[in-house]
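The chains referred to below are lettered A, B, ... by the order of the sequence lines, with proteins before strands, and numbering in each begins at 1.
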Amino acid sequence: SPVVSSPSKPLYLCSPFVEAALVKGSLKTIVLLPKYVDIMEWVAVNIFDFYTNLNEFYGCVAECCTQSTCPTMSAGPTLNFTWINQDRKSVNLAAPTYVDYVMTWVQNLLDDENVFPTKSGQDFAPSFPSTVKHVYRQLLRVFAHLYHAHYPQILHLRSEPHFNSLFAHFLAFGREYELLEMKDLKGSSSAPVGIGELWSRWRDMGILEG
Amino acid sequence: SQPANKPADYVYFDRTTAGFSDQALPRAKGAQLKLEHYYKVVVDAAVERNARRVELERRFQSDVLMPEERKQRQLQQLGRKESTYLRLRRTKLGLDDFRTVKVIGKGAFGEVRLVQKTDTGKIYAMKTLKKDEMLKKDQLAHVRAERDVLAESNSAWVVQLFYSFQDPSYLYLIMEFLPGGDLMTMLIKYDTFSEDVTRFYMAECVLAIEAVHKLGFIHRDIKPDNILIDKDGHIKLSDFGLSTGFHKQHDSNYYQRLLESTTKGPQTPSSAQATRNSVMVNSINLTMSNKDQIATWKANRRKLAYSTVGTPDYIAPEIFQQRGYSNECDWWSLGTIMFESLVGYPPFCSESTHETYQKIMNWPQFLVFPDDVHLSEEAEDMVRRLITNAESRLNIEQIKQQTFFYGVDWDSIRSVDAPFVPRLRSITDTSYFPTDEIEQAPEDAPQDSSEASKDLAFLGYTFKRFTISGH
Ligand SMILES: Nc1ncnc2c1ncn2[C@@H]1O[C@H](COP(=O)(O)OP(=O)(O)OP(=O)(O)O)[C@@H](O)[C@H]1O
C-alpha cells in the first residue's frame, strides 16, 4: 500500500485536492450582476449567503479549532491576524475567539435594519460599500485560517470539493465587486498568507480569472 | 509506489474519522448537502431571472410602436422587482410575522388558520404541519410534493402559495385564503345539486384536474373537501398532500440514507483508492441552457407510482393494486364526486373503510344508481364512463366532448357567474367554515430540536414566491 508522503507544501496546493470542486464551469455566470438589478441588493444577498455557508463549514471543524490547538489566528507559517479592540489596540486572540468575534459581528450587521435593510422602502446607507468591504476582509481571514490550520480535517470529512468551490466563488465575487484587496490575499513577503498561493494556482488552472 | 501519469505534487492522504466526535460526520454531510442545494438554487434562480428579462426584451424588440423611453422604464421596473425579490431572500419570515384570526380547518398533520400578515395587513390561509408527525408517518414525500405543486403553479385552478417556512417543530404554508369554504361543506348544506349546478362544478373540476396533470402531477386524493370555493364561487384545488411528482428528493428516506452512508462507519471500499483520495461528487454545472435537464426531470415525474395511502371513498381501484397507475385515477375520483353531487352520497360509502375498499375493488357489482333519484341519461352515462376500468375510462378530450357537458364554454367558464356566490361581510369572514366545531387552541410554542436528520429532511422547503405585487 502506498506510503503517505509528507508534502513540503500545504495539502490544499497539492494534487488532487487543489483541483477538487463541487461547481464546474465559469463562476462568472453566478457572479456577474444580473442586468437591471440593483448592485447593493446583489452584493447584500451574496454576502449574506457567503456568511451562512462559511458558518456551516466552520461549524464542522470548530471542535478541532480550540484555544490549545489554535492559540493564534494563524493563516501562514509566519502570519497571525490580530484583532483591533475597542481601544483601537491590536491584540492577539486565539483562533476560536477571533472567529467567534467575526461571526458575531457579521451576524449583528446582517440583523441590523440600518445596515442590511429587509423592509420594503428602506434604502442602503451610503456607508454600505465600505461596511461590506470590512465584512469581506474578515470573512477572508476565516477562510485563510481554515485553509492554513484545518485543511487535513476538511479532507477527513471529505468536504474539500465543497469548501474549495465556496472559496473560489467567494474570491471571484470579491474580485468582481472590488471587495478583495490583493494585499489582504497575499500578505507581505515576510508573512505571506497561505491562500495567496492558492489564488495563483487556481488562476493558472483557469478556475479563477486574472 | 507513485503511479504514472499523476502530477509530481500528487499526494496520498489517508482519510479517517477517528478523533472526531459523533456529530462531526453528520454535520459535515449536512453542510455539504446544504451547499449542493444552495448552488442548485442559485443556478436555477439565474436561469429563471434570465428568462424573465429575455422574454421582456424580446417582446419590446418586436413592438415597434412602443416608445423607446417607455421600454427602458419597464425594463428598469423589472430590475426593481428582481431586486425586491433578492431582498426577500434575506428576510426571515416567521410565525411572528402573522397574526391568527381563527382556526378554520383541521387535517391529519396540523391545522389551517386564517391569518393576517402584520406589516402589510394582508389576509392568508396558513397550513401548519408537525415535522415529527410527518417523519413518523413517513409523509415526507407528500409534504414536499404539496409544496412543489403549489410553488410551481401559477394556475387559477390551484390554490396559490406565497411563502413557506419552518421552525424546529413545524412547517408552514402561507396560501391565498379562499373564503367560500369547500365542496364538502356545500354538499352537507344542500345534500344534492341539480344537474345544471353539477355541470358547473364538474366542468371546473375537469379544467382544474387538467391543469394539475399539465404540471406533471397526479393529485390522487381529489375529494369534495379538497375542492375549495373562492370569493366569486369558482373552485380551486388544494391539499396536494398525496399527489406525486416523482422528484428524487421526494423519497422520504433519501436524506436519511445520505446521512447513514457517512455515519455507518467505514464503508466497504471497492479499492483502496476509494477510501482515500476519491470523493464522490456530482458536480453542478454552471450552464444556463439546461433544457435537457428539465426535460429529463419532467419525464421522470410522469413515471408510475406504486404506493397506497388515504381515505378510500374517492380513490380509484388501481391505486390499491400494486401494479402502478397513471393520471386516469383522478378521473375516477371525479366520477365519484359527480355521483355524490347528484345522488347525495358517494357510490361506495359504507360503515367501515374496509368495506368501502371491498366495494371499490368489486365496483361492477356495487356501482348502483338508486331508483328514487332521477338522473338524465347523459349524466348516468358520464358517471359510468368515469367509474370504470382505467383502460376504458374517458380521457380529458373525451370528457370535454361528453353530451352531459353540451353548451359548456371551456375557455370562459371561470369568468361566468357561479351558481353560489359566497356572501361575505369582510375579508376575514369565516362563516363558510365550521369554526365552532374546531378547537381554537393557541399555537404550541416551538420547542428546540436540531437533529441533523430532521433539519435536513426539510431542506428546500422554504419558499418565497416571485410576485409583482407587494405580498
Ligand atoms: N387556502 C385555503 N383557504 C381556505 N380554507 C382552506 C384553505 N386550505 C385549506 N382550507 C380548509 O382547511 C381544511 C383542511 O385543509 P387540508 O385538506 O388542506 O388539510 P390537510 O391537513 O391536508 O387535511 P387532510 O390531509 O386530512 O385532507 C379544508 O377542507 C378547508 O376547509
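Taking 4.0 Å as the cut-off between side-chain N and carboxylate O, A:K35 and B:E57 count as a salt-bridged pair. Ion pairing of B:E82 with B:R52 is present here, as a side-chain N (NZ or NE/NH1/NH2) and a carboxylate O approach within less than 4.0 Å.
Residues A:E197 and A:K9 form no side-chain contact, since every pair of their non-hydrogen atoms from C-beta on lies 4.5 Å or further apart. At least one side-chain heavy atom of B:L75 sits under 4.5 Å from a side-chain heavy atom of B:Q72. No side-chain heavy atom of A:N80 sits under 4.5 Å from any side-chain heavy atom of A:M73.
Residues of residues 167-193 of chain A lying under 4.5 angstrom from chain B, judged on non-hydrogen atoms, are A:H169 in numerical order. At a heavy-atom cut-off of under 4.5 Å, chain B is reached by A:P152, A:Q153 from residues 130-154 of chain A, listed in order of number. Within residues 47-63 of chain A, the residues that have a heavy atom under 4.5 Å from a heavy atom of chain B are A:F48, A:D49, A:N53, A:E56, A:F57, A:G59, A:C60, A:E63, listed by number.
Within the 3.5 Å criterion, the main-chain N or O of B:T91 finds no donor-acceptor partner in the side chain of A:T118. Formation of a donor-acceptor pair under 3.5 Å by the A:W42 side chain with backbone atoms of B:S83 is not found in this model.
Atom CZ of B:F60 has more than 12 heavy atoms from other residues, nucleotides or ligands within 6.0 Å. Within a 6.0 Å sphere centred on CD of B:Q61, heavy atoms belonging to other residues, nucleotides or ligands number 12 at most. With a 6.0 Å radius and a threshold of 12 heavy atoms from other residues, nucleotides or ligands, B:R70 has its CZ atom at or below the threshold.
Relative ring orientation between B:F13 and A:H156 is described as tilted, the plane-to-plane angle lying within the 30° to 60° band.
For A:E113, no part sits under 4.5 Å from any heavy atom of chain B, backbone or side chain. Both the backbone and the side chain of B:R87 come within contact range of chain A, each with at least one heavy atom under 4.5 Å from a heavy atom of that chain. If you measure heavy-atom distances from B:T84 to chain A, you find no contacts under 4.5 Å at all. Only the backbone of A:L13 comes within contact range of chain B, judged by heavy atoms closer than 4.5 Å.
Listed by chain and number, the residues in a side chain to side chain donor-acceptor pair (under 3.5 Å) with B:S62 amount to none (sequence neighbours excluded).
Closest approach of A:P129 to A:P126, counting heavy atoms only: CD-O, 3.3 Å. Closest of all the heavy-atom pairs between B:F162 and B:M175 is CD1-C, 4.1 Å. Of all heavy-atom pairs between B:Y172 and B:D167, the closest is OH-OD2, 2.6 Å.
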